[in-house]
Amino acid sequence: MQRCDYLLSQLDVLEAESIHIFREVAAEFERPVLLFSGGKDSIVMLRLAQKAFWPAPIPFPVMHVDTGHNFPEVIDFRDRRVAETGVRLVVASVQESIDAGRVVEEKGRRASRNRLQTVTLLDAIESHEFDAAFGGARRDEEKARAKERVVSFRDEFGQWDPKNQRPELWNLFNTRIARGEHVRVFPLSNWTELDIWDYVRREELELPSIYFAHARSVFERDGMLLADLPYANRGEDEPAFEATVRYRTVGDASCTGAVKSTAATLEQVMEEIAATRVTERGQTRADDRASEAAMEDRKKEGYF
C-alpha cells in the first residue's frame, strides 16, 4: 500500500482556515459583505474569497467606508482592483453622514474622521440588511483585537460585548442571530503582518504604491509623520519637508502616519517588518495610541 504524506506550509494552513471561514459564513448567512479599503489586509481577503468560490464569482459585495480623506493612490487602486475582480462595490460615505446630520465633524488641529466611520458603517449595514461583515483584523494589531472571536457577535445596536462572546470549540462557529443583529467575521484572525506580506509575495498580489518607499511631503506631529494634505490641518509650527517614507497601513490620511524607510521591494519590506518591535497601529495610527481599555471601549461602540 502506497503511503502519501502531505506537508503543508504555514501559509497553506492559514489559507485553508480562511477559506473554510469564508465558505461557512457564505453558507450560513443571507447577506454577507466584505469590508474593502484597498489596503493589504483587504486585498489578501479578496484573494482568499476568490479562491474560496472559484470558478464561481464571489457571492457577496465588497464595501468601503469612505471618510473622504483618502490617499489618492489607494482609491485609484481600489477602483481598478474591484473592476478587475468584477465584484460589486458599495461605498458608505462619511461625508454623506455629516451632511445628513448623523455625525458631527471634529474641529481643531487633530480633527479626524476616523471615529466617525462607526456610524456610517452601522447605517450601511442596516440599510443594506447585511448580517455578516468580513473584516481584516489580525490579532497581532493590539490587545483589544485579541479578545475577538472569528465570528464576533454584535447586538441590534451594533455593539460588541467581550464578555458575551460565544465559544468556538474545534472551529465550530455559532452563526445564530436574531433580526437586526449581525456578526463581524475575521478570516485573518491567526495571521500576522509578516504572514500577510509573505502571502502577497507568494500570490504575486499588487498593492498600492504607498506601501513601498517613495518621496513625499510630510510634517511631524506627536512623533509621527503625516502627509501634507489639505485636510491634515497642518499648523504654522509644523513645517512640511520631503522625506523618503512608506506606509504600513492605509486609512484616513489625516491620522495615518508614514514611517521613514528605503524598503522599495517586497523582500526589503519583509526584512524591515521582521526587525521591528513596534506594532503596525502603534507606529502609524495617531488616533490608536490609546490604552487597551480605551480601544476596547471604542470597539464596544461598534468601531471596526
On a heavy-atom basis, the closest approach of A227 and Y247 is CB-OH, 3.5 Å
Could you pull out the closest heavy-atom pair between A243 and V218, with the gap in Å? CB-CG2, 4.1 Å
From the list T256, I210, N70, I75, side chain to side chain contact (heavy atoms under 4.5 Å, CB included) partner of V250 resolves to I210
What is the distance from atom CH2 of W197 to atom CG of L205, rounded to the nearest 0.5 Å? 11.0 Å
Dump the intermediate steps for side-chain contact (heavy atoms from CB on, under 4.5 Å) on R201 and E267, then the final yes or no. CA-CA 8 Å; R201 178 175 62 177; E267 289 74 18; 3.7 Å; yes
Return yes if a side-chain donor-acceptor contact under 3.5 Å exists between S112 and R110, otherwise no. no
Is a donor on one side and an acceptor on the other found under 3.5 Å between the side chain of E168 and the backbone of V150? yes
Looking at every heavy atom in both A213 and T262, which two are closest together, and how far apart are they? CB-C, 3.6 Å
Whether E106 and R115 form a salt bridge (side-chain N of Lys/Arg under 4.0 Å from carboxylate O of Asp/Glu) is what I want to check. no
Using a distance-only test with no angle check, is there a side-chain donor-acceptor pair under 3.5 angstrom linking T120 and D123? no
Please determine if R184 and E148 form a salt bridge, counting it only when a charged side-chain N lies under 4.0 Å from a carboxylate O. no
Minimum side-chain heavy-atom gap N174-F153 below 4.5 Å: no
To check you understand the geometry: which heavy-atom pair defines the closest contact between P32 and P61, and what is its length? O-CD, 3.6 Å
Could you state the interatomic distance from CD1 (I196) to CG (L188), rounded to the nearest 0.5 Å? 4.5 Å
Working to the nearest 0.5 angstrom, can you tell me the gap between E271 CD and T265 OG1? 7.5 Å
Compare every heavy atom of S261 with every heavy atom of E272, then report the nearest pair and how far apart it is. OE2-OG, 2.8 Å
Would you compute the distance between atom CD of E238 and atom CG of L226 and round it to the nearest 0.5 angstrom? 8.0 Å
Could you grab the distance from atom CD1 of I273 to atom OG1 of T192, nearest 0.5 Å is fine? 9.0 Å
Residues L207, F212; criterion side-chain contact (heavy atoms from CB on, under 4.5 Å); working and verdict: CA-CA 9 Å; L207 295 178; F212 302 96; 4.3 Å; yes
Once you round to the nearest 0.5 Å, how far does CZ of R109 lie from CZ of R234? 10.5 Å
Where the side chain of R23 meets the backbone of A52, is there a donor-acceptor pair that is under 3.5 Å apart? yes
Please verify the inter-ring angle class for H69 with Y231; under 30° counts as parallel, over 60° as perpendicular, anything in between as tilted. parallel
Of L34, V91, L35, L89, which meets side chain to side chain contact (heavy atoms under 4.5 Å, CB included) against M63? L35
Taking the six-membered ring for Trp and the single ring otherwise, decide whether the centroids of F29 and F60 are under 6.0 Å apart. no
Exam field: side chain Y199 to backbone V44, donor-acceptor pair closer than 3.5 Å: no
Is a side-chain donor or acceptor of S37 paired with a backbone partner of G39 at a separation under 3.5 angstrom? yes
Mind telling me whether F173 and H20 have parallel, tilted or perpendicular rings, with 30° and 60° as the class edges? tilted
